[in-house]
Amino acid sequence: MSRSGEEVWKNSTEKINSELFTLTYGSVVAQLCSDYNNNYNLVNKQLDSMGYNIGIRLIEEFLAKTGAARCHTMKETAEIILKVGFKMFLNITPQVDNWSLDNRQFSLILNENPLADFVELPSDAKDLWYSQILCGVLRGALHMVQLDVSVWFVKDVLKGDDITELKLKLNKILKDEVPAGED
Amino acid sequence: MIYSFSIFDRHCNCIYNRRYIHDGPLLTQSKPSSVNLKNSIGDPLGVSITSLPPDNGSGDNFSPLGITTKSKESGSSSAINGPIPGYINKYNDSNASKLLFGIMYSLKNITAKLGDLASLFNTLKSFSTENFRVHFMESATGLKFVLATDNEVDNLQHILKELYTNYYLNHVVYNALSPVEFGTDANEHGKISNSDFINATDSFLTSLSVFK
C-alpha cells in the first residue's frame, strides 16, 4: 500500500537544517553563474541537467519509501507529485492549477520555495530561473517511470511576479522496452 | 534453498547476476536434467548443487540445472568469488539469463491481462514448477528483481522488496559513484559490481532461513 507524503516525511526522511540546504543551493547557483560568466541561459541549462541526474535517482528513493504503484492518469500523477513527492523531499505542498483541456498540461504553484529563501536576484539576472533545478528533477524522475515531460518556469516571485509557477507538460508516455528480437 | 538472484534494468539487461553454489544432499529432483533444454539455452535459474556428476562446460553450455561439482570448480579461480561460493556477474548475458528474462517478461504481460484492467491491477509475483519457484518483483521504474529457489520456499515478496528498498537504494542509488543507468546496449551494458552491494546482499540472503 502506498504511504502518504506526511507519513514518509515524518518517519523516513532524514532532515537537514533548511538554512544549510538553502545556502548550499545558493552557492551552487552562484558558482555556476561565475563559471559561465553570467550567461544565464547556460546556467539554466546546467541546473536543469543537474536536476535530471538527481531526478533519476530520487525516483527510486521515492518509490522505495512510498511503495507507490504506476499512475493511470495525469491527474493522479500530479496529485502524487504534489502531495507525496514535494511533501516528502521538501516538506511543501504546491497547488495544481490551469489544467489544459486535454489533461496533458498543468501548472504547479509553489506557495513557498525552500530553495529561494534569502535570495535576491541581481538586476542583470533577468534570464536566470533560479530554481530551474526543480524542473530537471521532475523531468528526470518522470522519465524513469516512462513519462516524457517538459517542465519549465513561467513565473518566479524572485523576478517580481506575484506567484512562482511551473508548467508541466506530458509529451508522451514511453513504452516499456522489450527484449531484443521481440516486437 | 536460494539458487540465484538477478536484477534486470528497464532496458531488459541483466545488471546483476548472482548464483550460489550449495553444498548439499543430492537433489532427488535432479532428474529433470535430462529434459531437452540441454546445451542450447543453459539453466535460466542458475541452479548449482555440488556433489553431482561434473558438467562438461560452463556459460551457455551450462547444464540445464547448472549443476557443477565442487572438485571441478574449486580449481578455477572464477568459480569462487569471495567467501560465499558461487558466481558473480558471470552469466549476465548468457542465453540462460535471457531466457529467464523472457519467461518473466511473457508471464508478466499475461498476468497484467488477467482480470478487468480498470478495477483490478494484477501483477506477477512468482511462478513455480514441480521443483522450482521463481520470485519476481518489478518497480515502477522497470527494475526487475528475480530470485530462483526450490519449491519449499513459499513467498519472498518481502525479501525482494527489502533488496530493492534497502540494498539497491543504499548501495546503488545513494552511491554517487555507481551509475543508475547501465546503458542500453544489450552486449555492452554495465553491471552492478560494487563490492558493498555484493557483500551486503550476500550476507542478507545467506542469513535467511530459506537460503540453505
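Chain letters run A, B, ... following the sequence lines, proteins first, then strands; residues in each count from 1.
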**Request:** Look up atom NE2 in His143(A) and atom OG1 in Thr141(B), then write down how far apart they are to the nearest 0.5 Å.
**Result:** 12.0 Å
**Complete:** Applying a strict 4.5 Å limit to non-hydrogen atoms, the region of Asn175(B) in contact with chain A is backbone
**Message:** So which atom in Glu60(A) and which in Leu143(B) form the shortest heavy-atom distance, rounded to 0.1 Å?
**Reply:** OE2-CD1, 3.5 Å
**Asked** Is there any salt bridge (charged side-chain N to carboxylate O under 4.0 Å, His left out) pair reaching into residues 73-96 of chain A, and which pairs are they, with sequence neighbours excluded?
**Response** Glu6(A)-Lys87(A), Glu79(A)-Lys83(A)
**Message:** Looking at every heavy atom in both Ala140(B) and Val145(A), which two are closest together, and how far apart are they?
**Reply:** O-CG1, 3.7 Å
**Item:** Pairs flagged by salt bridge (charged side-chain N to carboxylate O under 4.0 Å, His left out) wherever residues 128-140 of chain A is involved - sequence neighbours left out
**Value:** Asp48(A)-Arg139(A)
**Request:** Specify the closest pair of heavy atoms between Tyr174(B) and Lys65(A), including all atoms of both residues, with the distance to one decimal.
**Result:** OH-NZ, 3.7 Å
**Fill in**
Nearest heavy-atom approach of Asp176(A) to Lys108(B) is OD2-NZ, 4.2 Å
**Prompt:** Rounded to the nearest 0.5 Å, what separation is found between the CD atom of Gln146(A) and the CZ atom of Arg10(B)?
**Reply:** 6.0 Å
**Asked** Is a donor on one side and an acceptor on the other found under 3.5 Å between the side chain of Arg70(A) and the backbone of Ser139(B)?
**Response** no
**Message:** So, taking the atom named CD in Glu61(A) and the one named OH in Tyr168(B), what distance separates them when rounded to the nearest 0.5 Å?
**Reply:** 13.5 Å
**Prompt:** Hey, is NZ on Lys172(A) packed in by over 12 heavy atoms from elsewhere, all under 6.0 Å?
**Reply:** no
